[in-house]
Student: 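Let me give you the structure first, and then I'll get to my questions.
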Amino acid sequence: CSSDLFAHLHVHTEYSLLDGSNKIKEYVKRVKELGMTAAAITDHGAMYGVIDFYRAARAEGINPILGCEVYVAPNSRFDREITGGDDRYYHLVLLAENNTGYANLSKIVSRGFTEGYYYKPRVDMEVLEEFHEGIIALSACLAGEVPRYIQKGLPEEAKKCALKYQSIFGKDNYFLELQDHGIPEQQTVNMALLQMSRELDIPLVCTNDVHYTYAEDAKPHDILLCIQTGNIEDLSNLADQIHTSCGNIIQSSQERRNVGCTGSCSQQCLVCSKDQCYVCFNAFCGQHFAGFQTFYCHRDLYNQDRKSVV
C-alpha cells in the first residue's frame with residue numbers, strides 16, 4: 001500500500017472539543033508531506049470542522065473524506081434512563097461516500113442533537129436505517145458496539161451486531177476497524193475481528209484514531225484531556241494510561257505497516273480511493289443545507305448582482 005493510496009480514516013481535530021488537539025491546517029500539511037492524496041475528518045458527534053477541513057484539503061490537493069464518529073444509543077435515541085457508564089452509547093465512524101451521503105450524514109448528526117441528546121448527541125438504528133444511503137461505516141474504536149461485545153466475552157453477540165450494521169449500510173459499505181495503540185484490550189479485539197472478518201466475509205480497515213498531529217503534541221493533548229475529565233492532579237498517571245505508544249498521531253503508511261495491521265492495508269486503500277469517497281461543494285458558490293433549498297451567498301456573486309442593478 002503506497003503512501004499516495006493510504007489515508008487516515010479515523011481522525012479527530014480541534015473540533016472534537018476537549019478531546020482532539022489536531023489543528024486542521026497542520027493536519028492537512030502533514031498529510032501532504034507524507035505523500036497522501038486523501039484524508040478524513042471524523043470528529044466526535046458533530047461536524048463543526050467539516051467546512052474548514054474541506055477548504056484546507058482542497059487547497060492542498062487532498063481529497064477530503066467527510067465524516068463523523070457518532071454516538072449510537074443501545075436502544076432508542078429517546079431513552080433517557082438506561083444502564084449507566086459505558087453502555088449509555090457506542091461509537092460508530094461514518095464517512096460520506098458522495099453528496100447524497102453527506103446530506104444523510106448531516107441529517108443523522110442533526111437528529112442526534114435534536115432528538116437523542118443524553119450526555120452525548122445520540123442516534124439509533126432507526127435513524128441509521130433511514131439515512132444510510134451513500135455512507136460508509138467503520139466499527140470504530142474500543143468504544144464501538146462490536147468491540148464492546150468482544151471485550152465482554154460475547155463473540156456471538158458481536159457477530160450479530162456486525163451483521164446488523166452490514167445489513168444497514170450494505171456489504172461493501174461496512175468495515176471492521178483494527179487499531180493498535182499499545183492497549184492490551186486492542187490485541188484481544190483485533191484477533192476477534194480478524195476471525196470475524198473471515199467467518200462473516202466482512203472487510204477490514206486499519207486506522208489509528210488520530211487526536212494530534214506530531215509525537216511532541218502528546219503532552220499538551222494529555223493536559224487537554226485533564227481539563228476534560230477534571231483530573232488536574234494526576235497528569236503523569238493519565239499520560240501513562242493513554243499515550244504509551246504515541247499512536248494517536250498522523251503516521252506515514254510505512255509506520256502503519258510496522259504496527260501490524262498489514263493484512264487490512266489493501267482494504268484501507270479501497271475505502272479511501274477517490275472514486276469511492278468524493279463530496280463536492282461546488283467551490284462554495286452556495287451553502288448546502290440538507291433537505292432545504294440552496295441559497296447563493298458567495299460574496300463575488302453578490303457584488304456582481306449589485307453592479308448589474310446599479
Student: For the OG atom of S197 and the CG atom of L204, what is their distance to the nearest 0.5 Å?
Tutor: 3.5 Å
Student: Counting only pairs under 3.5 Å, give me each side-chain donor-acceptor contact of residues 64-74, with atom names and distances, residues two or more places apart or in other chains.
Tutor:
unit_1	atom_1	unit_2	atom_2	d
E69	OE1	H10	NE2	3.1
E69	OE1	H12	NE2	2.8
E69	OE2	H91	ND1	3.1

Student: Do L92 and E145 have side-chain heavy atoms sitting under 4.5 Å apart?
Tutor: no
Student: If every non-hydrogen atom of P147 is compared with every non-hydrogen atom of S139, which pair is closest and at what distance?
Tutor: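 Scanning both residues, the minimum pair turns out to be CD-O, 3.9 Å.
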Student: What is the distance from atom CE of M191 to atom CD of Q195, rounded to the nearest 0.5 Å?
Tutor: 8.0 Å
Student: Can you tell me how far the CG atom of L105 sits from the OG1 atom of T42, to the nearest 0.5 Å?
Tutor: 10.5 Å
Student: What's the spacing between I150 CD1 and L193 CG if we round to 0.5 Å?
Tutor: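 One finds 4.0 Å between CD1 of I150 and CG of L193.
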Student: Listed by chain and number, what are the side chain to side chain contact (heavy atoms under 4.5 Å, CB included) partners of A46, not counting sequence neighbours?
Tutor: Y48, F113
Student: Using distance alone, with no hydrogens and no angle criterion, decide if E97 and N173 have a side-chain donor and acceptor under 3.5 Å apart.
Tutor: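 Looking only at side-chain atoms, N173 and E97 do form a donor-acceptor pair, the distance falling under 3.5 Å.
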Student: Provide the closest heavy-atom pair for A162 versus M196 in the form atom of the first, atom of the second, distance.
Tutor: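 Shortest heavy-atom contact: CB-SD, 3.8 Å.
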Student: Once rounded to the nearest 0.5 Å, what's the spacing between atom CD of Q186 and atom CD of Q151?
Tutor: 9.0 Å
Student: What verdict does the side chain to side chain contact (heavy atoms under 4.5 Å, CB included) test give for I108 and R111, after you've listed the backbone C-alpha separation in whole Å, the side-chain angles of each residue and the deciding distance to 0.1 Å?
Tutor: CA-CA 5 Å; I108 290 171; R111 289 288 183 91; 5.9 Å; no
Student: Under 4.0 Å between a side-chain nitrogen and a carboxylate oxygen: does that hold for R77 and E126?
Tutor: yes
Student: Can you name the closest pair of heavy atoms from F53 and A39 and give their distance?
Tutor: CZ-O, 3.3 Å
Student: Linking I/L/V/M/F/W/Y whenever any side-chain heavy atoms sit under 4.5 Å apart, do L178 and L200 land together?
Tutor: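 Looking at the clustering, L200 is in the same group as L178.
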Student: Working to the nearest 0.5 angstrom, can you tell me the gap between I51 CD1 and M47 CE?
Tutor: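 One finds 8.0 Å between CD1 of I51 and CE of M47.
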Student: Quickly, which of H181, Q179, H8 forms a side-chain hydrogen bond (donor to acceptor under 3.5 Å, both in side chains) with N208? Name it, please.
Tutor: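 Result for side-chain hydrogen bond (donor to acceptor under 3.5 Å, both in side chains) with N208: H8.
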Student: Keeping to residues at least two apart or across chains, list the ring pair (Phe, Tyr, Trp, His ring centres under 6.0 Å) pairs with something in residues 145-172.
Tutor: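 Those involving residues 145-172 are Y165-Y174.
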Student: More than 12 heavy atoms of other residues, nucleotides or ligands under 6.0 Å from NZ of K164: yes or no?
Tutor: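 Result for NZ/K164: enclosed.
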Student: Could you give me the CA-CA distance, side-chain angles and deciding distance for H211 and N22, then say whether side chain to side chain contact (heavy atoms under 4.5 Å, CB included) is met?
Tutor: CA-CA 6 Å; H211 281 72; N22 185 32; over 6 Å; no
Student: Would E156 and K159 pass as an ion pair if we require N to O under 4.0 Å?
Tutor: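 Salt bridge: yes.
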Student: State plainly whether the residues E14 and K23 are in salt-bridge range, i.e. N to O under 4.0 Å.
Tutor: no
Student: Please lay out, stage by stage, how E33 and R30 fare under the test salt bridge (charged side-chain N to carboxylate O under 4.0 Å, His left out).
Tutor: CA-CA 5 Å; E33 287 176 351; R30 181 60 176 156; 3.3 Å; yes
Student: Side-chain heavy atoms under 4.5 angstrom apart, residues restricted to Ile, Leu, Val, Met, Phe, Trp, Tyr: same cluster for F78 and Y89?
Tutor: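 The answer is no; the residues belong to distinct hydrophobic clusters.
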Student: For R80, does its backbone N or O pair with a side-chain atom of Y118 as donor and acceptor, under 3.5 Å?
Tutor: yes
Student: Would you list the pairs meeting salt bridge (Lys or Arg N to Asp or Glu O under 4.0 Å) in which at least one residue belongs to residues 34-51, sequence neighbours left out?
Tutor: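 Passing the test, one end in residues 34-51: no pairs.
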Student: With E157, which residues qualify under side chain to side chain donor-acceptor pair (under 3.5 Å), at least two apart?
Tutor: none
Student: Compare every heavy atom of I24 with every heavy atom of G49, then report the nearest pair and how far apart it is.
Tutor: O-CD1, 3.6 Å
Student: Can you give each donor-acceptor pair under 3.5 Å made by side-chain atoms of residues 127-135, sequence neighbours left out, with the distance rounded to 0.1 Å?
Tutor:
unit_1	atom_1	unit_2	atom_2	d
H132	ND1	E129	O	2.8

Student: Under a 4.5 Å cut-off applied to non-hydrogen side-chain atoms, are V11 and I41 in contact?
Tutor: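 They are not in contact (no side-chain heavy atoms under 4.5 Å apart), so the answer is no.
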Student: Kindly indicate, with the supporting measurements, whether the criterion side chain to side chain contact (heavy atoms under 4.5 Å, CB included) is fulfilled by D180 and Q187.
Tutor: CA-CA 7 Å; D180 186 355; Q187 301 302 319; 3.1 Å; yes
Student: On a heavy-atom basis, which atom in R58 and which in V279 lie closest, and how many Å separate them?
Tutor: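 The answer is NH2-O, 3.5 Å.
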Student: Check whether any side-chain heavy atom of T188 sits under 4.5 Å from a side-chain heavy atom of E185, and report yes or no.
Tutor: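 No, side chains not in contact.
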Student: Would you sort out whether I202 and F175 count as a side chain to side chain contact (heavy atoms under 4.5 Å, CB included), showing the intermediate values?
Tutor: CA-CA 6 Å; I202 299 177; F175 292 78; 5.9 Å; no
Student: Salt bridge or not between K171 and D201? Use side-chain N to carboxylate O under 4.0 Å.
Tutor: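 The answer is yes: the pair qualifies as a salt bridge.
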Student: Side chains of R88 and R122, heavy atoms from C-beta outward: is any pair under 4.5 Å?
Tutor: no
